Structures are given as structure tokens and as C-alpha cells.
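Take a look at the structure set out below.
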Number of protein chains: 2
Amino acid sequence: MGVHVSELANIDRAAESLGDAAYREMKERIIRGVYRPGHKLTVRAVAQDLDVSTTPARDAINRLASEAALVYAGPKTVVVPVLDAKALQEITLIRLALEGLAAQQAAEHVVPEDVEALKILQKKINSALDAGLYADALWHNKEFHFAIYRLAQLPHLVTMIETLWLRIGPSLHNLYPEFAKERFGVHNHEVAMEALEDRDGASVRAAMENDIRDGYRRLKRACREKAILPVQ
Amino acid sequence: MGVHVSELANIDRAAESLGDAAYREMKERIIRGVYRPGHKLTVRAVAQDLDVSTTPARDAINRLASEAALVYAGPKTVVVPVLDAKALQEITLIRLALEGLAAQQAAEHVVPEDVEALKILQKKINSALDAGLYADALWHNKEFHFAIYRLAQLPHLVTMIETLWLRIGPSLHNLYPEFAKERFGVHNHEVAMEALEDRDGASVRAAMENDIRDGYRRLKRACREKAILPVQ
DNA sequence: TTTACAATTTTGTTGCAACAAAAATATCCG
DNA sequence: CGGATATTTTTGTTGCAACAAAATTGTAAA
């Protein structure tokens with residue numbers, strides 16, 4: 001078995017197995033929109049992409065499929081999921097419950113420094129929108145949300161929310177710039193930060209729930225106007 | 001042509017692979033308490049138990065670990081999770097959010113035949129308790145809960161709830177018969193069924209939330225009184 | 001041209017051996 | 001005997017070849 005150059009990037013991850021690294025890399029690519037909805041993934045193609053053998057590639061694909069970040073489209077075909085209205089609605093319902101809970105609990109542990117960090121993240125979102133870098137804006141938006149959710153100090157909950165974002169993430173990239181142009185969530189984010197400063201859990205929850213609902217409406221509208229066609 | 005996520009339930013997947021079968025079998029054993037909390041699982045031991053090679057055994061272990069149904073207790077050791085107070089509290093919080101949502105939505109789709117089926121399940125719970133078959137009572141209790149949750153017709157949600165039950169399941173078996181003796185949930189279940197007959201979502205949710213909270217209290221108390229020591 | 005069917009290629013799965021890291025055991029020296 | 005060190009065993013990981021099933025391509029007859 002060969003030693004790979006990827007060790008240059010992360011020295012301290014020597015303990016991580018190739019399968020775990022492949023999983024992380026694939027997850028990142030899915031979230032960042034490298035693989036578009038409908039894209040078919042094969043063990044050997046992924047292995048070649050990541051420069052590993054079939055075993056770690058298969059490990060990564062299976063793990064992502066078991067989290068529903070990838071879905072089975074046939075007996076021997078795994079694809080990046082294509083969101084339809086029904087799935088979008090269900091995932092939004094679950095997101096409201098879980099992210100609402102995380103947002104509310106965040107108020108229990110927040111300290112002023114956390115809000116400062118959030119303000120910096122919000123600035124990054126705004127800058128990315130100004131520059132038209134919509135993929136970056138989406139990324140920073142994700143960072144903003146999870147910075148809040150992590151404050152709740154409920155690791156299981158954060159992990160579960162991540163799997164939900166993984167399921168809708170790919171479809172977001174088919175929708176910008178139309179989606180991002182409307183300055184998603186700026187107001188809701190401001191309200192959430194103010195509520196965090198007041199340690200007002202109910203208001204934090206309300207703000208984040210509004211953000212999720214606003215995103216849902218835009219996404220639903222965009223899905224109607226512009227059919228999301230799978231690639232390949 | 002891409003496949004939409006909600007269609008996945010309708011697509012019957014081809015013959016089950018050995019890895020999937022191993023996963024199912026291991027999951028069943030964990031839920032039924034064959035492997036107790038703290039039990040260490042090795043690839044080769046599982047392979048021998050299930051009479052398959054190491055590859056499907058490793059697939060099953062990795063998948064269960066990625067769902068947190070098994071946890072890493074060291075660099076090279078996967079064990080059945082031992083519940084501590086903090087984890088129990090967090091999972092209960094998430095259960096309240098998710099199972100509450102499922103219970104409420106169940107009222108939107110319930111038909112009288114569903115309630116009849118629930119009454120039969122409740123009878124099975126009572127019979128098992130009468131006979132002192134506590135493991136059976138736990139099993140039927142699980143069936144009762146999920147029969148309600150499935151009514152919500154939200155497959156993603158049901159899957160997520162299942163992973164939560166998988167995390168606390170093993171520890172339940174360390175607690176009965178003390179745990180089961182108190183006739184868990186009989187009253188709450190009755191209330192839930194009446195609310196379902198009235199299609200009163202808020203009341204179904206309240207009943208199931210009460211059931212979860214009652215279980216949580218008993219579990220917490222039992223954990224305090226009787227330390228759950230890992231086996232081996 | 002179209003359709004049915006055979007040949008070929010692609011692809012996921014499975015078992016297994018080699019390897020390295022960790023754990024367990026044995027050994028030796030004070 | 002005690003503790004440190006060397007040795008052996010256990011164990012997860014990785015790469016790979018063989019296999020069967022599915023998808024694709026090629027081919028020929030109508």
C-alpha cells in the first residue's frame with residue numbers, strides 16, 4: 001500500500017484511516033456542489049478521483065448512502081439525491097424541530113465572544129454576496145448556522161442536523177445565483193444574534209425557524225420555476 | 001435519468017447483499033440485547049458469529065458505528081454504547097422533538113383501522129408484562145411507538161427516530177425487570193390512542209411526550225441506583 | 001430502420017492475504 | 001518480586017483478484 005501526499009495537508013490526522021479521509025472529502029465535495037444532484041457515483045471512479053483503492057472508496061460511498069447523503073437509484077447505482085417537493089417539505093419539518101431546538105439551547109451557553117464570532121461570519125456572508133461568490137456565501141451561511149448550533153453543546157444533535165444539510169445541500173448549488181441574490185437570511189441572522197446577546201432562547205429559535213422557512217419558500221419556488229434536472 | 005428521493009421507498013432494491021444482511025442482524029441483536037452495553041466487537045469475531053467473511057462484517061460494524069449505534073472506545077475498539085446521564089439527557093431532548101413531531105403528524109393521516117391495530121399492540125404489551133416476559137414487552141412497546149410514527153408518512157423522520165432508539169436500546173435491557181415492572185406507558189398509550197381517534201394532533205404529541213419523559217425519569221433513576229457496568 | 005438477442009464491458013460484492021498499529025504476553029535484569 | 005523491555009498475538013485497514021449481476025454495445029434478422 002502506498003503512502004500518499006495528502007499527509008502534507010493534515011499532519012495531525014495520521015491516525016485517520018483512508019476510509020475516513022475519503023468520507024470527509026466526499027462529504028465536502030457534496031456540500032460544495034462538486035457532485036451535482038443526479039450524478040452517478042461508482043466505486044472505481046471515486047477511488048480514482050481520490051487516489052485510493054476501491055476499499056476506502058466503497059467505505060465512503062456506503063457510509064454516505066447510509067446517511068442518505070447519497071441514495072440508491074437502482075440495484076447497482078448510487079447517485080447524489082435530487083430533491084423533490086415532498087422530500088424538501090419533510091426535511092424542512094425535521095430541520096425546524098432540530099435546528100429550532102439547537103437554537104433555543106444555544107442561548108443557555110452563549111458568551112459575548114460567541115456573538116462576536118458570529119458577526120464576523122455574517123460579514124463574510126455579506127462580502128461573498130457583494131462579490132457574487134455565491135458558493136462561498138452558501139458555505140459561510142452554513143458556518144453561521146452551525147456556529148450557533150454548536151453552542152447548544154449537544155453533539156448528537158449537531159451531527160443529526162449535519163446529515164439533514166447534506167441531503168439538501170447539493171440542490172442549493174443548482175439554484176444560485178437566483179437563490180443567493182435575494183440576500184438570504186440577513187435580517188433573520190441579525191435578529192438571532194441580538195436574541196443571543198439577550199440570552200433569549202425562544203427568540204433565537206423563532207429567528208432561526210424564520211430563516212429556515214424563508215429558505216424553504218425560496219427553494220420551493222425555485223424548484224417550480226426551474227426544474228432541477230439531474231446531470232448525466 | 002435521476003431518481004427523486006421520495007420515489008426511493010417505492011423502488012424495491014435488488015437481492016440484499018451480505019453486508020446489508022449482517023447490518024440487519026447486528027441491529028436486531030443490539031436492540032434485543034444480545035450484545036450488552038460495553039461489549040467489544042471485533043471484525044473477525046462478528047464475521048465468525050454471522051458466518052461471513054470479514055468484509056461484510058466490517059461493513060456492518062462501520063455502518064452501525066456511523067449511526068452511533070456502536071461507538072469507538074479507543075483507536076481500534078468498537079463497543080456497544082454505555083449510556084451515561086449526559087447522553088441520555090441529550091437523546092431524550094432530541095426524542096421529544098422528533099417523536100413529538102411524528103406523533104402530531106400521525107393525527108393527520110390516522111384512520112380507525114390504525115387505532116384498532118394499536119389496541120392489539122397494547123394488548124400484547126400487557127400480556128407480555130403479565131407473563132413477566134420483559135424483553136417481549138420492550139419489543140412490543142417499540143412496535144407501538146413506531147406504528148404511530150409511521151402514520152405520519154415521513155420516512156426520513158422515522159429512520160432518524162430509529163437510530164435514536166438504537167442508541168438507548170441496549171441499556172434498557174440492563175434495567176428490566178425493575179424497569180418494566182411499573183407498567184410503562186400504559187396510561188400514556190391509552191391517552192394517545194384516544195387522541196388519535198379524535199385526530200387531535202396536539203394531544204397525541206402531549207401523550208407521547210409524557211411517555212418519553214416518564215421513561216426518561218425511570219431510566220435516570222435506575223441508572224443512579226444500579227450502575228450499568230460494561231460487560232467484559 | 002427497428003427489434004430482438006448475443007457478446008462485451010462495467011460495476012458492486014466478497015473473500016483473503018499482507019501490513020501496521022495496538023494489545024497482550026513473555027522475558028530479563030535490578 | 002517488580003518493573004521495564006522485548007516478543008508474540010490480536011486486530012483494523014488496505015489493496016486486489018475473482019465473481020455475478022447489471023448495463024452497454026454490437027449484430028443480425030425481419
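Residue numbers start from 1 in every chain, and the chains themselves are labelled A, B, ... in the order their sequence lines are given, proteins ahead of strands. Only a predicted model underlies this, so the values are computations on that prediction, with no experimental measurement involved.
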Next on the checklist: With hydrogens left out and only the distance checked, is there a donor-acceptor pair under 3.5 Å joining A/Lys76's side chain and the base of D/dA21?
Outcome noted: yes

Checklist entry - When the distance from CZ of B/Arg44 to P of D/dT9 is rounded to whole Å, what number comes out? => result 14 Å

Checklist entry - For A/Asp59 and C/dT13, what is the distance between atoms CG and P respectively, to the nearest whole Å? => result 11 Å

Next on the checklist: Using side-chain hydrogen bond (donor to acceptor under 3.5 Å, both in side chains), reason through B/Asn62 and A/Tyr23 one step at a time and then give a plain yes or no.
Outcome noted: CA-CA 12 Å; B/Asn62 280 341; A/Tyr23 166 75; over 6 Å; no

Checklist outcome for this item: Rounded to whole Å, CD of B/Glu16 lies from P of D/dA20 at a distance of 20 Å

Item to check | Toward the 5' end of DNA chain D, by each residue's nearest nucleotide, A/Thr54 or B/Ile61 | outcome: B/Ile61

Checklist outcome for this item: When rounded to whole Å, the CZ to C1' distance for the pair A/Arg63 and D/dT13 reads 15 Å

Item to check | Ring geometry between A/Phe146 and A/Tyr149 (parallel below 30°, tilted from 30 to 60°, perpendicular above 60°) | outcome: perpendicular

Item to check | Of the listed nucleotides D/dT13, C/dT11, D/dT14, the one nearest the side chain of B/Asn62 | outcome: D/dT13

Checklist entry - Does A/Thr55 place a side-chain N or O at less than 4.0 Å from the phosphate oxygens OP1/OP2 of D/dT14? => result no

Item to check | Protein-nucleotide distance (B/Gln48, atom CD; D/dT11, atom C1'), rounded to Å | outcome: 14 Å

Next on the checklist: How many whole angstroms separate atom OH of A/Tyr72 from atom C1' of D/dA22?
Outcome noted: 15 Å

Next on the checklist: If the threshold is 4.0 Å, N to carboxylate O, is there a salt bridge linking B/Arg95 and B/Asp211?
Outcome noted: no

Checklist entry - Between B/Leu18 and B/Pro75, who's closer to the 5' end of DNA chain C by nearest nucleotide? => result B/Leu18

Item to check | Between CZ on residue A/Arg167 and CD1 on residue A/Ile94, distance to nearest 0.5 Å | outcome: 7.0 Å

Checklist entry - So what does B/Gly74 hit on the nucleic acid, given a heavy-atom distance under 4.0 Å: a base, only sugar-phosphate, or nothing? => result nothing

Checklist entry - What nucleotide, of D/dT11, C/dG12, C/dG15, holds the atom closest to the side chain of B/Pro56? => result C/dG15

Item to check | Working for salt bridge (Lys or Arg N to Asp or Glu O under 4.0 Å), residues B/Lys124 and B/Asp136 | outcome: CA-CA 9 Å; B/Lys124 285 188 183 177; B/Asp136 285 355; over 6 Å; no

Checklist entry - Is any side-chain N or O of A/Arg58 under 3.5 Å from a base N or O of C/dG12, one able to act as donor and the other as acceptor? => result no

Next on the checklist: So B/Leu41, base contact, sugar-phosphate only, or nothing? Heavy-atom distance under 4.0 Å.
Outcome noted: sugar-phosphate

